[in-house]
Structures are given as structure tokens and as C-alpha cells.
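A quick note: this is a predicted structure, and the numbers were derived from the prediction, not measured.
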Amino acid sequence: MRFPSATNDLLRKTSPFVAQSISQLHRLEGIFVWDLGDQGNEHLMQLQALQTLWLDLKASSAWERRSLLQFPGFHNLDSLILFIDNLEHAADFLRSLQVIDSENIGIRFTAAHPSTSSSTTLSQFFTVLGETCDHNSLISFGLRESTKVSTNPDIFKPLYTCHNLTQLFVGRSWNISMADEELCQLVRGWPKLQVLDISQFVAINETMIPTFHGLISLLRLCPALTSLTLVIDTTKLDGIDFKTPGDGIFNNHLEKLVLTNSPMTSPLNVALILSGLFPNLPKVDLGCWDSAPKSLLPQKPSAIQLEQWEAVNLFLLGFGVVRERCTGNMMPSDF
């Protein structure tokens, strides 16, 4: 069920009637609706069959302020998706709830990220989110389509105790500065992680990024990974053995690897290391380059980087062919 958008004045006038109608839909499983205000949202919370809620919080400005009382919150949701253009409004909404018992929580920016939403604001938002979400239920969190704000992994601390988290999508949202140890600290509490989208097309000269050593530690801490999006410095190879780059650590089931504008000097060296860490990975995913931000990647350097990653994929393809030939030529007595 979906309701159309409207002006703030019309929202104030119609929300009580819409909320009353919604409260009668006891078998409703999914709805896309604007912020109905405290009373209207309480009606939503009482819908026992509701599984998916898309809530447009852009209309929050239609309400002068929220009640100081907390409402019970949402229980047994599969997904809660909030559409926002202001993190403060989203944090105010979360503060009004005692709990959000939802497996999937998503935040979607519908406008350019306000300049007032600094790294401090992000930290405050995650603090409120950590206090509100059910840490045992949350398995997926995503925040997408804000502008690139520079921050660090500490903003995720309130979610460190969500030990059942399997998916984290924040790669398009911020420039997250982190060294190898900080990457490890970030994921240490999420051993079940399967999808990690943590950084895409970062400002290399302004952002600290991990190396292959951090990537290897990540594979040790999160052995169930099937999809990884991360910017790393592939030029720092000290201590890496090309024959066994992970020193016994590797991932056989990774299906998608996105390394965007990770700096590189030798496509061959990168391919040798990746083939050792991900023996069954046919290629690095380059589809994201179609939407690469022009502000970070001027045309000529971008073309050079893309050519380097295409060369990496050619090496990986060749390694795969050789591996298949060697496997096919082995006799039963060789096993």
C-alpha cells in the first residue's frame, strides 16, 4: 500500500484521517507512507501483521515537535526503510521509540546531504540507532546516497554488539579513514558478516585506507564473506608472500569483489595476491566505474586506473585457465 506525497500543510490536515484508516487494516503487511505524527505513527506500531514499512521522514518538518514521551516502537518487522533529507529529523524519530525490532534497517537520502550533517551528527545518529535497534534481531543495515562526508569507523561503535549482522551497506555514503587495525576493529564484532560495502571511490589523498594486510585480517575475522566493496592500498606489499599471500587464510566463496579506485602500481602483483586470497573469484567487478564521481577521478587518471584493473582481470582469467588445465591433467593417483 502506498500513499502519494503532499505539501506539509496538507499532511497536517489529512494525517489523522489517514492514520485512522490505516489502524483498521489489521492484515496489512507492507506500506509506504509519510510521517503521520506521533499519534499516526502509534497506529502503525499497533499493526501486528506489518512486515515492511517505508516511512518518508521528509514530512517531519510538518510537525513542530515530537512528544517527550516514548512510544513502544516497532516489533517483528522484516524491514524498516526511512527516507530522509536531514539526519536530525531521523534521530528525533528514533528517540521517540523504545525499540525497533527489525531484521533490516535502511536509510535513504532523498536530497543532497545538508552541510550541517557533519561527522559529529553522524556519530549522534548512530548512538541513537544503537540505543533503539534490537541488537539480536538486526542482520542488515544500509545508508546510501548521501554526499561524501569524511569520518572514521568509530561512528559504528553503537552497532558493534549487533553480532548477528550479516550485511552492511555504507560504501557510497562517506570517506571513512581507517588503517588496517581500525578495519579489523570495525568488523571484529560481526563474525557472521556476508556482505560488506564499506568504501567506494574515496579521496585517496585525504583518506587513510587499509592495505592487503588489513584485507587478509578481514578474511580471517569474517570467513563467511560473499561480497566485498573496499578501497585498499595495493602498492604496499611488504611482508606479502606471492606464493601464499594469506599465509593459509583465503576465501573460496567470494562472489563479488569491488575495489574501485584502490591505488596500484603493478597489475600482475595485485592479480597474484588476489588469486591466492580468492581462488574461485573469476574477476574484480568493474561495473561501478560507469558511475564513478568525476570530482574524484579526472578523465585521464580515471582511464589509466580502469585500464590497470582490466589488466588485473586478464591476469586472473589466465590464472584460472592454467588452474583448470592443471586440475584436468591430474590423474586419480595424483590425489
Within the 4.5 Å heavy-atom criterion, are [X] and [Y] side-chain neighbours or not?
{"X": "Leu168", "Y": "Val187", "value": "no"}
{"X": "Phe74", "Y": "Leu53", "value": "yes"}
{"X": "Val312", "Y": "Leu274", "value": "yes"}
{"X": "Val170", "Y": "Asp197", "value": "no"}
{"X": "Leu80", "Y": "Trp54", "value": "no"}
{"X": "Leu138", "Y": "Ser102", "value": "no"}
{"X": "Tyr160", "Y": "Leu186", "value": "yes"}
{"X": "Ile105", "Y": "Ile100", "value": "yes"}

For [X], does the [atom1] atom sit with more than 12 other heavy atoms under 6.0 Å from it, leaving out its own atoms?
{"X": "Met208", "atom1": "CE", "result": "no"}
{"X": "Asp241", "atom1": "CG", "result": "yes"}
{"X": "Asp238", "atom1": "CG", "result": "no"}
{"X": "Phe250", "atom1": "CZ", "result": "no"}

[X] side-chain N/O to [Y] backbone N/O, donor-acceptor pair under 3.5 Å:
{"X": "Asp101", "Y": "Asp134", "value": "no"}
{"X": "Thr235", "Y": "Met264", "value": "no"}
{"X": "Ser262", "Y": "Ile232", "value": "yes"}
{"X": "Arg188", "Y": "Leu183", "value": "no"}
{"X": "Ser96", "Y": "Phe93", "value": "yes"}
{"X": "Asn251", "Y": "Leu225", "value": "yes"}
{"X": "Asp56", "Y": "Val33", "value": "no"}
{"X": "Asn280", "Y": "Asn252", "value": "yes"}
{"X": "Ser266", "Y": "Asn269", "value": "yes"}

Using ring centroids (six-membered ring only for Trp), state whether [Y] and [X] fall under 6.0 Å.
{"X": "Phe126", "Y": "Phe156", "value": "yes"}
{"X": "Phe83", "Y": "Phe109", "value": "no"}
{"X": "Phe201", "Y": "Trp289", "value": "yes"}

Inset, instruction - Could you walk me through whether Ser177 and Asn152 pass side chain to side chain donor-acceptor pair (under 3.5 Å), step by step? - result: CA-CA 5 Å; Ser177 285; Asn152 60 70; over 6 Å; no

Legend entry - Donor-acceptor side-chain pairing of Asn136 and Asn164 below 3.5 angstrom: no

Legend entry - Side-chain donor-acceptor pair present, Thr161, His135, cut-off under 3.5 Å: yes

Legend entry - Partner residues of Val322 under the side chain to side chain contact (heavy atoms under 4.5 Å, CB included) criterion, sequence neighbours left out: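 By the side chain to side chain contact (heavy atoms under 4.5 Å, CB included) rule, Val322 matches Cys326.
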
Legend entry - side-chain hydrogen bond (donor to acceptor under 3.5 Å, both in side chains) contacts touching residues 205-220 (sequence neighbours left out): Asp180-Thr211

Inset, instruction - With side chain to side chain contact (heavy atoms under 4.5 Å, CB included) as the test, would you mind laying out the steps for Val231 and Asn261 before giving the verdict? - result: CA-CA 7 Å; Val231 177; Asn261 64 323; 3.8 Å; yes

Inset, instruction - Output all residues satisfying salt bridge (Lys or Arg N to Asp or Glu O under 4.0 Å) with Glu182, sequence neighbours left out; order by chain, then residue number. - result: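 Per chain and number, Glu182 pairs via salt bridge (Lys or Arg N to Asp or Glu O under 4.0 Å) with no residue.
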
Legend entry - Carboxylate-amine/guanidinium contact Glu88 Arg95, below 4.0 Å: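 Here Glu88 does not pair with Arg95 in a salt bridge, since their nearest N and O are not under 4.0 Å apart.
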
